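Heads up: the structure comes next, in structure tokens.
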Amino acid sequence: MLHLIYGLPGTGKTTYLTEKIKEDISRSQKALFIVPEQQTVEVERAMASLLPPSSQLIFEVVNFTRLANKIFRLFGGLSYHYITSGMKELFMWQTMKALAPFLKEFGGKSLKDLSMPSTLLAAISEFKAYDVTPVRLEQISETLDEEGSFKNKLHDLSLIYSMYESMVRESYDDSSDDLGKLAELLETRNFFHGYHIYIDSFTDFTAQEYRVLKCILAQADEVYLTLSSCGPQTSELFLTSVNETSTHLRTLVGENMETVVLSDFHRFSSPELIPIARDLWHFHVKGEPTEGEPTQSSALTLMHSSDAYSEAKAAAAQILSLVQDHGYRFRDVAVIARNAESYRGILDSELEKAGIPFFMSEKTDITTKPLISMIFSVLAIKLKNYRAEDVITYAKTGLAGFSPYEIDILSTYVNTWRIRGKQFTSGEWSMNPDGFTETVSSRGKAILETANAVRERLVGSLEPFFGELDEANCTSDFCNALYRFLKSSNVSEALGQYANRALDEGDKKEAAETASVFKAVFGVLSDMVATMGDEEMELEDFVTALHLVLGKTEIGTIPTAADEVIVGSASTLRATDIRCAILLGLCEGEFPMRVGEKGLFTDKDRA
């Protein structure tokens with residue numbers, strides 16, 4: 001039987017499920033608690049504090065991914081070799097190149113657009129979520145009478161989708177296929193018999209998830225599912241998605257269901273926040289409080305800031321006030337933006353200046369790290385024949401073995417005399433650092449001596465690597481040459497020293513990321529050799545392939561202290577047990593973000 005529990009945020013839906021689970025455990029009833037992936041750890045921690053240790057024998061918190069893993073371990077289908085986001089980009093780029101002569105919409109200039117693989121992968125991910133196959137795309141394309149952009153898109157996507165899937169399956173499994181495999185497995189296995197299933201914090205489900213839910217509803221003894229809505233009959237615009245989910249679920253089970261509606265708010269320690277939770281998206285509410293509700297609020301403070309910098313300063317000042325004057329701990333505070341990454345370099349700088357410990361709950365783009373800058377700058381030196389800006393960028397990475405003084409001398413001398421190309425490799429420099437004068441001062445002699453010493457070391461370290469690149473003719477050759485260059489440059493040791501300095505300065509997150517970046521690069525090179533090692537390519541193609549893979553490679557860390565402010569994006573951060581939330585960037589069109597059409601298809605196309 002399906003039990004649908006309706007209620008707005010804060011009305012006690014999760015508490016309702018928790019009490020039911022406690023009853024199950026007391027009766028030794030097997031139960032599973034299914035929550036979204038980003039909430040799994042927090043819910044698991046909360047349930048561990050509420051249930052006895054023996055409950056682990058009959059109860060588990062899972063998400064759909066973990067549920068698939070659990071069932072695959074029992075009945076087969078488990079994979080240990082999933083494709084990474086970076087390798088997906090690379091396979092899609094290869095697919096586009098191979099199919100270019102046959103593509104009507106995505107050939108030609110699209111091949112030079114390095115954002116196109118991401119766009120196509122997003123479309124394929126959407127197709128998989130809604131169980132749309134390449135064959136189905138081709139069938140739909142053939143039903144369209146008139147030639148046009150939409151018909152051509154479907155034709156191209158059916159080809160790209162089919163070939164991409166074939167290429168991936170030769171070397172990897174794709175985690176986005178797991179729910180489809182799980183549904184097929186559950187259709188022949190009665191896994192959920194004897195279980196009570198609890199499902200919380202979802203607003204909607206994909207077609208793959210609905211297939212799994214259908215099996216759960218058919219097999220489980222009882223299913224409890226919460227929906228963040230006023231009730232089954234609500235017509236509020238902001239609840240459209242939830243209402244569609246409710247209708248779909250009710251269609252699946254027919255009459256075999258029970259409805260529970262929760263209307264009283266329990267979450268908020270301050271009653272002043274209840275009207276906001278209740279009426280925030282009710283646009284007919286004019287803002288006047290109902291009788292008995294407070295007209296002034298100490299629980300909600302609105303601050304106007306002219307820009308992100310003043311926002312960050314205000315947030316830091318507020319956190320210090322809460323800790324110093326009101327007895328808060330740093331861990332009681334969360335700073336939330338729509339996109340926390342847009343505040344990097346602004347918010348973290350202000351928090352550091354204020355002495356506030358914090359953790360940015362965002363994965364770091366690996367391309368922002370010095371090692372990646374070193375790799376692409378040295379390859380650019382080869383491709384563009386010692387262009388001055390590439391040489392200076394390489395020297396400034398801190399991994400090339402030059403001191404700040406040597407880098408300054410090199411940069412000044414090169415820019416003063418506009419040194420380019422063969423001037424780096426054709427022999428000693430003799431241009432006077434003092435300018436167009438006949439004599440060279442002692443200062444000029446020192447600068448010239450240093451500049452030539454740096455030039456000699458730089459060229460001497462690069463030319464053997466460039467010789468290997470000249471002889472390389474396949475992916476494996478290029479990857480091995482790059483790896484040998486990094487090893488001979490003692491990059492690993494330099495990164496270790498950099499990580500130790502960051503640790504000494506108290507920046508544990510930077511230290512952890514720096515320590516892991518070489519391993520991440522080595523993993524990328526290993527994957528490229530394993531999947532396309534024998535493929536012939538030019539250096540330009542190798543650089544493009546590296547850009548695609550490393551551009552989608554991220555490194556993440558976990559909180560490094562027990563008492564620190566957590567900073568994150570509204571779409572991904574799940575902060576529990578906080579007493580104060582500081583929201584940044586609340587303005588129309590930004591937070592919440594204006595709804596717009598994204599990707600290859602318009603809303604009309606999807607319909």
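Predicted model only: the values in this text are computed from it and were never measured.
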Is a donor on one side and an acceptor on the other found under 3.5 Å between the side chain of [X] and the backbone of [Y]?
X    : Y    : value
E165 : S162 : no
S516 : A512 : yes
T40  : P36  : yes

[X] vs [Y] side-chain heavy atoms within contact, under 4.5 Å:
X    : Y    : answer
D178 : Y82  : yes
S310 : D307 : yes
T11  : S263 : no
I582 : C580 : yes
S342 : N339 : yes
L225 : H3   : no
V565 : V335 : yes
L584 : I336 : no

With sequence neighbours excluded, residues passing side-chain hydrogen bond (donor to acceptor under 3.5 Å, both in side chains) with [X]:
X    : answer
Q139 : none
T65  : E37
H196 : D24
S79  : D173

Residues [X], [Y]: salt bridge by 4.0 Å N-O rule:
X    : Y    : result
E222 : K20  : no
D174 : K128 : yes
R250 : E255 : no
E187 : K214 : no

Donor-acceptor pair between E341 and S569 side chains, under 3.5 angstrom: no
Between E350 and Y309, a side-chain donor and acceptor under 3.5 Å: no
Parallel, tilted or perpendicular, as decided by the 30° and 60° cut-offs, for the rings of [Y] and [X]:
X    : Y    : answer
F33  : Y198 : perpendicular
Y172 : F91  : perpendicular
F191 : Y195 : parallel

R136 side, atom CZ; L154 side, atom CG - distance, nearest 0.5 Å: 10.5 Å
Heavy atoms from other residues, nucleotides or ligands near NE2 of H326 exceed 12 (cutoff 6.0 Å): yes
M303 atom CE, neighbour heavy-atom count above 12 within 6.0 Å: no
Stepwise salt bridge (charged side-chain N to carboxylate O under 4.0 Å, His left out) check, K13 with D200: CA-CA 8 Å; K13 300 184 297 298; D200 190 29; over 6 Å; no
Check against side-chain hydrogen bond (donor to acceptor under 3.5 Å, both in side chains), H193 and Q219: CA-CA 5 Å; H193 176 69; Q219 298 172 17; over 6 Å; no
Salt bridge (charged side-chain N to carboxylate O under 4.0 Å, His left out) evaluation trace for R331 with E564: CA-CA 5 Å; R331 68 186 179 207; E564 57 188 2; over 6 Å; no
Contacts of type side-chain contact (heavy atoms from CB on, under 4.5 Å), residue H248, not counting sequence neighbours: Y210, L252
Candidate pair Y6 and S246, rule side-chain hydrogen bond (donor to acceptor under 3.5 Å, both in side chains), full reasoning: CA-CA 10 Å; Y6 296 90; S246 173; 2.5 Å; yes
Check: F205 ring centre within less than 6.0 Å of F202 ring centre: yes
E184/K181 under salt bridge (charged side-chain N to carboxylate O under 4.0 Å, His left out): CA gap, chis, key distance, verdict: CA-CA 5 Å; E184 291 175 4; K181 294 177 183 176; over 6 Å; no
Contacts of type salt bridge (charged side-chain N to carboxylate O under 4.0 Å, His left out), residue E138, not counting sequence neighbours: none
